Amino acid sequence: MPEEKSQPRQYWLLKTEPTTFSFDDLWNAPKRTSFWDGVRNFQARNTLRDRMKAGDLVFIYHSSTDPTGIVGVAEVVKEGYPDHTAFDPKDPHYDPKSRRESPTWYMVDVKALRRIDPIITLEELRQVKGLEKMVLLQRGSRLSVQPVTESEWRVIEGLRR
DNA sequence: GCCAACGTTGGC
DNA sequence: GCCAACGTTGGC
């Protein structure tokens, strides 16, 4: 068997509205693992499908709540595969243009690793040196699946040590 | 609830 | 291929 090529661990941030699916929901899921469905943006789709790899680490971010912020850390445990909720007419994320034989939308599985307590609010993040270029903090940024650089990851983790 | 910013759609 | 109209996101 050819040996698997290991690449450096990458870092990401996933946004979710906690009224829809919260970090606690992930924490309470079987094996603390769930698929991350419902992403309907092409740039985010490309990241889910092509770039996120098993073992990558993920910040979970709660949006549209008070306060918004990073609430936990998770790990990618299954790489991109078709988002079946797009095939289901009863699902709120149903997309008739996505066919089983050529899916438009993809998802990954993530596993909750630990809570961040207290949460790191958006307001706090805006004040931290070294995060000025973070995608989350850019004006008008609304990507729900976004990259985090290694240095940004270290800076943010350092806030709760 | 408001609305700025952004992504997508579709007429031309 | 342009771009106006529309729908959505998400902080405030």
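Being a predicted model, the structure only gives us computed values, none of them experimental. By convention in this document, chain letters (A, B, ...) are assigned in the order of the sequence lines, proteins followed by strands, and residues within each chain are numbered from 1.
- In this structure, A:Tyr106 has its ring center at least 6.0 angstrom away from the ring center of A:Trp36.
- Rounding to whole angstrom units, CD of residue A:Glu17 and C1' of C:dT8 are separated by 10 Å.
- A:His62 places its NE2 atom 16 Å from the C1' atom of C:dG11, with the value rounded to the nearest Å.
- Each of C:dG11, C:dT8, B:dT8 was ranked by its minimum atom distance to the side chain of A:Leu122; first place goes to C:dG11.
- Here the side chain of A:Thr47 pairs a donor or acceptor atom with the backbone of A:Gln43 at under 3.5 angstrom.
- When distances run from any side-chain atom of A:Lys15 to the nucleotides C:dG10, B:dT9, B:dT8, the shortest one goes to C:dG10.
- Between A:Arg126 atom CZ and C:dC12 atom C1' there is a gap of 11 Å when expressed in whole angstrom units.
- Per the geometry, CD belonging to A:Gln43 stands 11 Å off C1' belonging to B:dC6, to the nearest Å.
- Whole-Å rounding puts the A:Asn46 CG to B:dG7 C1' distance at 14 Å.
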- prompt: Should A:Ile119 and A:Thr121 be marked as a side-chain contact (heavy atoms from CB on, under 4.5 Å) after you check the CA-CA gap, both sets of side-chain angles, and the distance that decides it?
  reply: CA-CA 6 Å; A:Ile119 78 165; A:Thr121 64; 4.1 Å; yes

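- The separation between A:Arg45 atom CZ and B:dT8 atom C1' is 14 Å, rounded to whole Å.
- Candidate nucleotides C:dC12, B:dT9, C:dG7 were compared by shortest atom distance to the side chain of A:Lys97, and B:dT9 ranks first.
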Exercise answer: donor-acceptor pairs, residues 51-59 of chain A side-chain atoms, under 3.5 Å, sequence neighbours excluded:
{"unit_1": "A:Asp56", "atom_1": "OD1", "unit_2": "A:Gln10", "atom_2": "N", "d": "3.0"}
{"unit_1": "A:Asp56", "atom_1": "OD2", "unit_2": "A:Gln10", "atom_2": "NE2", "d": "3.0"}
{"unit_1": "A:Asp56", "atom_1": "OD2", "unit_2": "A:Trp12", "atom_2": "NE1", "d": "2.9"}
{"unit_1": "A:Asp56", "atom_1": "OD2", "unit_2": "A:Lys53", "atom_2": "N", "d": "2.9"}

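- For the pair A:Asp95 CG and C:dG7 C1', the computed distance is 14 Å after rounding to whole Å.
- Within the structure, every side-chain polar atom (N or O) of A:Tyr61 is placed at least 4.0 Å from both OP1 and OP2 of C:dT9.
- In this structure, CG of A:Leu14 is placed 16 Å from C1' of C:dT9, rounded to the nearest angstrom.
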